[in-house]
Amino acid sequence: MFEEERFTTAMLGRANCSLKPDKKLLNSKFEQYKYTSGREHEITYKKLKHKPHRTKPPDSDFSYQMSRTSCLFNHLIVPPKGGKYYYITHNEEEHSYILVDALTDTELAQFSNQEKLIFNVSAVWIGSETLALCIGTYLYLLSLTPTSTKQTSEQKLDFHCLLLGSFERDETAHLVLCYRTDNVFVHQIVKQNDSGKFEVTASIRQSGIARFVTVRGDTLTMISEGKLLVPEPEPEEPEKPGEVAEPVPRERDEEKNYTWTQTMEDVDVSIELPSGILKSDLTIEIGHDSLEVRTKGGQELFKSKLFSKVEPKESTWHMSTDKKRVEVVLTKYQEAHNWANLVDTPHYDPAGNLLGEISDLSEEELRGMMRRMESLNEYTSDKVDKSPLYTPHPELEECDELDGQQVLLSSFSLDPVKQHSLVELSPGTLLFSDTDRGFVVSHSVDACYYEVERDVCPPWQHTSTFHAFNMVQATKTQKKYIVTDPGRKYAAIVDITRHVYIYSSTGEESTHGKLLVMTLDNSDDSEILGVFPRTESIVLLTEKYLITIKFSL
């Protein structure tokens with residue numbers, strides 16, 4: 001199934017917008033988090049009958065670091081209405097996978113492993129009672145009701161796939177799958193037909209995997225690494241004698257007269273030229289961190305400080321064969337350094353934060369921001385047990401981002417799939433995603449929550465803020481999961497050292513927030529494999545226990 005020729009591939013459109021936050025939701029008066037005593041929480045342990053299957057994808061498909069950072073493998077399966085908790089276990093003797101109710105230890109469904117290999121396992125919900133499971137190259141549908149469990153579909157795939165999301169459109173179930181081939185990540189949108197099988201309706205090919213996928217109305221929103229890949233245009237049919245071909249309007253960004261691409265070693269800049277310009281008419285100056293292109297008559301074609309340093313002596317330029325563009329090849333000073341943009345801007349922080357439109361802030365707001373940063377900088381992570389305040393050193397860790405890859409926030413219209421909104425995020429900007437509801441990005445020291453809505457353009461809107469949380473999460477060098485509750489009253493960090501940090505900073509005018517730190521029982525040294533946040537509790541899945549933490553904020 002899913003033959004390549006059946007794909008309708010997503011095409012690029014005119015797609016530039018921003019993630020400018022709502023100033024009303026920012027609080028320059030917020031200063032710090034105050035540590036709260038552990039007496040305000042309760043931890044219960046429920047021992048598991050089986051050991052949850054831990055997905056360990058091979059490097060040739062999906063790296064573990066990529067999966068961890070993307071939280072693709074949250075092994076705790078929770079239905080949309082909550083109340084139930086499931087996980088998958090692997091029976092090595094019988095070469096099968098089993099869906100288990102974590103609360104009752106009931107084995108609900110069994111799937112034979114015909115190839116007798118250890119596969120990726122991923123799951124998404126379709127509606128409230130249908131679970132889609134992808135195990136290696138097989139796609140299963142299960143009907144899970146309070147009284148029964150029934151397998152309704154089984155389908156063989158051509159690739160080892162991951163399930164990234166689901167949605168219902170025109171009362172028909174759709175899934176978003178991803179597989180990797182020839183260093184390209186293919187994201188397929190598949191639709192259930194009348195026979196219950198899934199068939200491809202569209203394909204989005206990218207150089208990186210999607211970390212967030214959701215659909216609202218007729219708009220697909222996706223956050224992914226790398227760039228969108230489009231096929232070469234099909235050759236046009238030769239004109240017949242006597243026919244005059246109509247001109248095809250060219251889509252371009254009206255504010256820019258250049259395009260750019262990059263490799264591991266170089267940055268290639270293509271700049272449009274006025275008609276009649278010869279090579280001898282051009283003056284091109286390449287500095288260590290700047291590029292200027294002008295005519296000898298003084299007409300400026302390009303002048304800007306570059307995003308990063310280059311090697312001027314090793315950089316070159318030439319005119320295109322049609323004399324309409326000048327092609328500049330800039331040799332990177334630091335090889336393999338990914339540029340988030342061609343030009344440097346006053347709103348970009350090399351540490352990975354988008355500072356936003358700070359020029360629009362009042363003098364009082366700027367002073368408040370500086371006071372905040374000075375207050376937060378006084379504390380480091382080694383003072384958590386010595387101080388009532390826990391706020392970290394403001395340095396973003398490098399290990400949590402995937403080789404400094406650029407991250408793209410895109411939206412696509414459906415039927416046909418065409419990109420209509422795009423934001424380029426620098427490495428470190430995306431902090432975490434909230435299932436299929438929204439995502440959180442850094443803004444100065446804060447973390448801004450953007451909810452994906454329907455019938456608006458762009459489809460993401462800034463609806464709440466976790467004050468100073470960007471600084472807080474940056475110090476957690478061993479964090480594994482970051483989540484928020486349904487009402488976004490708190491953000492939680494779960495690390496691999498079995499600590500859970502709850503941060504609450506509600507109140508637009510409040511100057512302080514609450515921090516609750518919880519440490520799990522050291523006798524259970526197994527890895528945390530999944531997490532599910534609730535309004536006043538958080539549920540964790542380890543290799544041995546289902547753990548519920550109840551707390552009061």
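What you are looking at is a predicted structure, and each value in this text was computed from that prediction instead of being measured.
- Under the side chain to side chain contact (heavy atoms under 4.5 Å, CB included) criterion, Ser413 pairs with Lys418, His420, sequence neighbours left out.
- In terms of heavy atoms, Phe307 sits closest to Asn341 at CB-O, 3.0 Å.
- In this structure Thr261 satisfies the side chain to side chain contact (heavy atoms under 4.5 Å, CB included) test together with Asp268, sequence neighbours excluded.
- Among residues two or more places apart in sequence or in another chain, the salt bridge (charged side-chain N to carboxylate O under 4.0 Å, His left out) test is passed with Glu168 by none.
- Take Arg294 and apply the side chain to side chain contact (heavy atoms under 4.5 Å, CB included) test, not counting sequence neighbours, and it matches Thr283, Glu285, Glu292.
- Closest non-hydrogen pair, Phe412 versus Met222, comes out as CE1-CB, 4.4 Å.
- Tyr449 is linked by a ring-ring contact (aromatic ring centres under 6.0 Å, His included) to nothing, counting only residues two or more places apart in sequence or in another chain.
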**Report entry** Stepwise side-chain contact (heavy atoms from CB on, under 4.5 Å) test for Lys332 and Lys309
**Finding:** CA-CA 7 Å; Lys332 294 180 179 180; Lys309 290 184 179 181; over 6 Å; no
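- Results of the side chain to side chain contact (heavy atoms under 4.5 Å, CB included) test with Leu414 over Ile189, Thr219, Thr201 single out Ile189 as the only residue that passes.
- Side-chain contact between Val483 and Val494: absent, with no pair of heavy atoms (C-beta onward) separated by less than 4.5 Å.
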Query raised in the report: Could you go step by step and tell me if Leu164 and Val124 meet the side-chain contact (heavy atoms from CB on, under 4.5 Å) rule?
Result: CA-CA 7 Å; Leu164 301 184; Val124 297; over 6 Å; no
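- Donor-acceptor pairing under 3.5 Å is lacking for the side chains of Thr511 and Glu31.
- With hydrogens and angles disregarded, a donor-acceptor distance shorter than 3.5 Å links the side chain of His187 to the backbone of Ala210.
- Put simply, the side chain of Thr429 never gets that close to the backbone of Leu425: no donor and acceptor are under 3.5 Å apart.
- In this structure, Lys476 forms a cation-pi arrangement with Tyr501, its terminal cationic atom sitting closer than 6.0 Å to the ring centre and no more than 45° off the ring axis.
- In this structure the side chain of Pro21 reaches within 4.5 angstrom of the side chain of Leu26, judged on heavy atoms.
- Val441 and Tyr450 get closest at one heavy-atom pair: CG2-CE1, 3.5 Å.
- Listed here is the closest heavy atom pair of Gln192 and Thr172: O-CG2, 3.2 Å.
- Residues satisfying the side chain to side chain donor-acceptor pair (under 3.5 Å) criterion with Asp281, sequence neighbours excluded, are absent altogether.
- Checking side-chain atoms of Gln473 against main-chain N and O of Asn470 turns up a donor-acceptor pair under 3.5 Å.
- Put simply, CG on Asn257 and CZ on Arg325 are 8.0 Å apart, with the number rounded to the nearest 0.5 Å.
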Requested in this report: Given side-chain contact (heavy atoms from CB on, under 4.5 Å), test Leu409 with Thr221 step by step and report yes or no.
Outcome: CA-CA 7 Å; Leu409 167 60; Thr221 299; 3.9 Å; yes
Query raised in the report: Stepwise, does the side-chain contact (heavy atoms from CB on, under 4.5 Å) test hold for Lys480 with Asp495?
Result: CA-CA 5 Å; Lys480 182 171 184 180; Asp495 67 18; 5.9 Å; no
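- Taking the side chain to side chain donor-acceptor pair (under 3.5 Å) definition, one finds that Asn193 meets it with Ser195, sequence neighbours left out.
- Using cut-offs of 30° and 60° on the angle between ring planes, the pair Tyr179 and Phe159 is parallel.
- Residue Ser122 comes nearest to Leu163 through the heavy atom pair OG-N, 2.8 Å, listed as atom of the first residue, atom of the second, then distance.
- Applying the side chain to side chain donor-acceptor pair (under 3.5 Å) criterion to Gln461, with sequence neighbours excluded, gives no partner residue.
- Asp218 meets the salt bridge (charged side-chain N to carboxylate O under 4.0 Å, His left out) test with Arg169; sequence neighbours excluded.
- Of the listed residues (Leu342, Val328, Thr331), just one forms a side chain to side chain contact (heavy atoms under 4.5 Å, CB included) with Val267, and that residue is Leu342.
- For Arg437, the salt bridge (charged side-chain N to carboxylate O under 4.0 Å, His left out) test picks out Asp434, with sequence neighbours left out.
- Distance alone, capped at 3.5 Å, places no donor-acceptor pair between the His174 side chain and the Val176 backbone.
- Asp446 contributes no side-chain N or O that, together with a main-chain N or O of Cys448, makes up a donor-acceptor pair within less than 3.5 Å.
- A distance of 6.0 Å or more separates the ring centres of Phe439 and Phe432.
- Between Ile223 and Leu430 the shortest side-chain heavy-atom distance falls below 4.5 Å.
- By the 4.5 Å heavy-atom criterion applied to side chains, Glu453 and Pro459 are not counted as neighbours.
- Counting heavy atoms from C-beta outward, Trp317 and Ile284 have side chains that approach closer than 4.5 Å.
- The backbone N or O of Leu278 sits nowhere less than 3.5 Å from a side-chain atom of Lys323 that would complete a donor-acceptor pair.
- Side-chain polar atoms of Ser203 and Gln188 form no donor-acceptor pair below 3.5 angstrom.
- Under the side chain to side chain contact (heavy atoms under 4.5 Å, CB included) criterion, Ala447 pairs with Leu431, Val440, Phe466, Phe469, sequence neighbours left out.
- Listed by chain and residue number, Arg216 satisfy the side chain to side chain donor-acceptor pair (under 3.5 Å) test with Thr214 (two or more places apart in sequence, or in another chain).
- In terms of heavy atoms, Thr465 sits closest to Leu25 at OG1-O, 2.8 Å.
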